[in-house]
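Computed from a predicted structure; not experimentally measured.
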Amino acid sequence: QVHLVESGGGLVQPGGSLRLSCAASGMSFSSVAMGWFRQAPGVQRVLVARISTGGSTNYADSVKGRFTISRDNAKNTMYLQMNNLKPEDTAVYYCNHFNGGYSWGQGTQVTVSS
């Protein structure tokens, strides 16, 4: 059974940074392309960053140049470094298979506000 646990969210001022973590279990983590998703109130959940098994990355235009996705296969953990945060980045952030195929975790709240 796949289990995904997100952590690292919080309240940050515009221009600030946060690093999110995703601990995965119950899967062959190194063999799975993964992604970070976010869902703002009243908005559909969207993919913001993805990383292949080989480490290739892709980003939504809204976060390109500010967010960096990475993974540590030895620790079964994925990360999202978020810099120069903007109020529009406020959302609950989730990790999952890049196609959203696993059960969703609880997510971690990111709030960008002064």
(request) May I ask you to check whether over 12 heavy atoms, not counting those of Gln109, lie within 6.0 Å of atom CD? (result) yes
(message) Pairing donors with acceptors under 3.5 angstrom, does anything connect the side chains of Asp72 and Thr77?
(response) no
(request) Would you sort out whether Leu80 and Phe67 count as a side chain to side chain contact (heavy atoms under 4.5 Å, CB included), showing the intermediate values? (result) CA-CA 7 Å; Leu80 186 68; Phe67 289 12; 4.0 Å; yes
(request) Test the Arg50-Phe98 pair against the cation-pi criterion, namely NZ or CZ under 6.0 angstrom from the six-membered ring centroid and within 45° of the ring axis. (result) yes
Indicate the atoms forming the closest heavy-atom contact of [X] with [Y], along with that distance.
X     : Y     : value
Trp36 : Ser21 : CH2-O, 3.5 Å
Met27 : Met34 : CE-SD, 3.8 Å
Leu18 : Val12 : CD1-CG1, 4.1 Å

(message) Given 3.5 Å as the limit, does a donor-acceptor pair link the side chain of Tyr59 with the main chain of Ile69, or not?
(response) yes
(message) Donor-acceptor check, side chain of Arg66 to backbone of Asn84, threshold 3.5 angstrom: yes or no?
(response) yes
(message) Under a 4.0 Å threshold between the charged nitrogen and the carboxylate oxygen, would Lys64 count as salt-bridged to Asp61?
(response) yes
(request) Hydrophobic side-chain clustering at under 4.5 Å (ILVMFWY, transitive links): who's grouped with Leu47? Put none if nobody. (result) Phe37, Val92, Tyr94, Trp104
(request) Can you measure from CD (Glu6) to CG (Asn96) and round to the nearest 0.5 angstrom? (result) 8.5 Å
(request) Applying side-chain contact (heavy atoms from CB on, under 4.5 Å), name anything that partners Ala40, two or more places apart in sequence or on another chain. (result) Val43, Ala91
